[in-house]
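Okay, so here's the structure we're looking at.
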Protein chains: 2
Amino acid sequence: MTTCDPAAPPAGPGRQELIDALVQASFAAMAALNRVGAEHDLSLTQVRVLAILRDRRVKLSELADYLGLDKSTISGLVDRAEKRGLLQRAPNPADRRAVDVFLTAEGIELAGRGAMEIAHSLSPMLGKLTNAEARRLTVLLKRSLDGGTP
Amino acid sequence: MTTCDPAAPPAGPGRQELIDALVQASFAAMAALNRVGAEHDLSLTQVRVLAILRDRRVKLSELADYLGLDKSTISGLVDRAEKRGLLQRAPNPADRRAVDVFLTAEGIELAGRGAMEIAHSLSPMLGKLTNAEARRLTVLLKRSLDGGTP
DNA sequence: TATTGTTATACTCTATAACTATA
DNA sequence: TATAGTTATAGAGTATAACAATA
């Protein structure tokens, strides 16, 4: 049996320093994504929707799972993006209850342009790293992600 | 003169991979912060407000600068937090136009508890790293932050 | 004139609850 | 019965514009 004191600090020295750095870096990255999105009248959530649909055609329920949001929230999100012509609904061929969503040509174009702008927006943050440092950071972030989001 | 093609990818090999890893890690960290906040009926923005005020007493205009939000947004944010008893307004002694905000005892208590819960919430994500890896990641993230948020 | 804050307004994001249709 | 999606409703977050008080 595992007794878990909810107030216990995470094990290891300097762990709090890592957490602070990660949180700060994450807010900086979110701010960059937000800024790029805002230039195209897109919220952070809409940016995520476009990023997800760039590779996939999914059911609304799957989109809700990816984003961790309620299905009713997804309905509104998809409504507004569809009204803007960025994506489309279509009946799911295998399940008549389900509705698929996928990007329109305009949505694909915007998602592609946005991805490049995001890379550009983050480059001042990452541009100071040498190539070797960038590779090490990539490895460490990926290793962290393996353990995350339970 | 610097001609800057806005569509040009950032220099260096594997840079896109780093950007993807950073964005994914950031969304995971934001999800953890969001989850902890939601357990206390706090939005991500309210979590940030508490974190900022934990160390400082600031004017509303400074809070707006820290958060990158409009002053009218700050008014509402502070209204709701004040109504919950987490912080207080007080006139700024040096400038009669300005209003200071600072945490109440209850706000300090919640901010402290929240910080520990956030550390706990992120530990599954960071717990797989060895102490040496954690130190390297901290250094790399801090070095990135030096160049970021222009 | 410029800055600080508040208020009114409008829109997006979000969840809960109630509903229909399908599995 | 359980799942997929929509709608109605309510509240929080956000920006813009207009305003009062102070610098």
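Given the structure is predicted, the values throughout are model-derived calculations rather than measurements. Labels below follow one simple rule: chain letters A, B, ... track the order of the sequence lines, proteins then strands, and each chain is numbered from 1.
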How is [X] classified with respect to the nucleic acid when contacts are heavy atoms under 4.0 Å: base, sugar-phosphate, or nothing?
X: A:D95; answer: sugar-phosphate
X: A:S61; answer: sugar-phosphate
X: B:I74; answer: nothing

Contact under 4.0 Å: [X] side-chain N or O vs [N] OP1/OP2:
X: A:R97; N: D:dA2; value: no
X: B:S43; N: D:dG13; value: yes
X: A:R80; N: C:dC13; value: yes
X: B:T45; N: D:dT14; value: yes
X: A:T73; N: C:dA15; value: yes

#### Entry: hbond_proxy B:R96 side chain to D:dT22 base (donor-acceptor, 3.5 Å cutoff)
no

In this structure, how many angstroms lie between the [atom2] atom of [N] and the [atom1] atom of [X], rounded?
X: A:K83; N: C:dC11; atom1: NZ; atom2: P; value: 11 Å
X: B:Q46; N: C:dT14; atom1: CD; atom2: P; value: 16 Å
X: B:D100; N: C:dG5; atom1: CG; atom2: C1'; value: 13 Å
X: A:L69; N: C:dT16; atom1: CG; atom2: P; value: 11 Å
X: B:E62; N: C:dT4; atom1: CD; atom2: P; value: 9 Å
X: B:D70; N: C:dT4; atom1: CG; atom2: C1'; value: 12 Å
X: A:L77; N: C:dC11; atom1: CG; atom2: P; value: 17 Å
X: B:K71; N: D:dA20; atom1: NZ; atom2: C1'; value: 11 Å

#### Entry: Donor-acceptor side-chain pairing of A:R15 and B:N131 below 3.5 angstrom
yes

### Message
Can a donor-acceptor pair be found, under 3.5 Å and without considering hydrogens, that links the side chain of B:R89 to the backbone of B:E82?
### Response
no

### Query
Does any N or O in the side chain of B:E62 come within less than 3.5 Å of the main-chain N or O of B:K59, such that one atom is a donor and the other an acceptor?
yes

### Query
When you match A:A94 and A:G68 each to their closest nucleotide on DNA chain C, which lands nearer the 5' end?
A:G68

#### Entry: Derivation of the side chain to side chain contact (heavy atoms under 4.5 Å, CB included) call for B:L42 and B:L86
CA-CA 11 Å; B:L42 293 172; B:L86 300 178; 4.0 Å; yes

### Task
Start with the C-alpha gap between A:L87 and A:V49, add the side-chain angles, then the distance that decides, and say whether side chain to side chain contact (heavy atoms under 4.5 Å, CB included) holds.
CA-CA 10 Å; A:L87 51 78; A:V49 169; 4.0 Å; yes

### Query
A:A98 has a side chain; which of D:dG5, C:dG5, C:dT14 sits nearest to it?
D:dG5

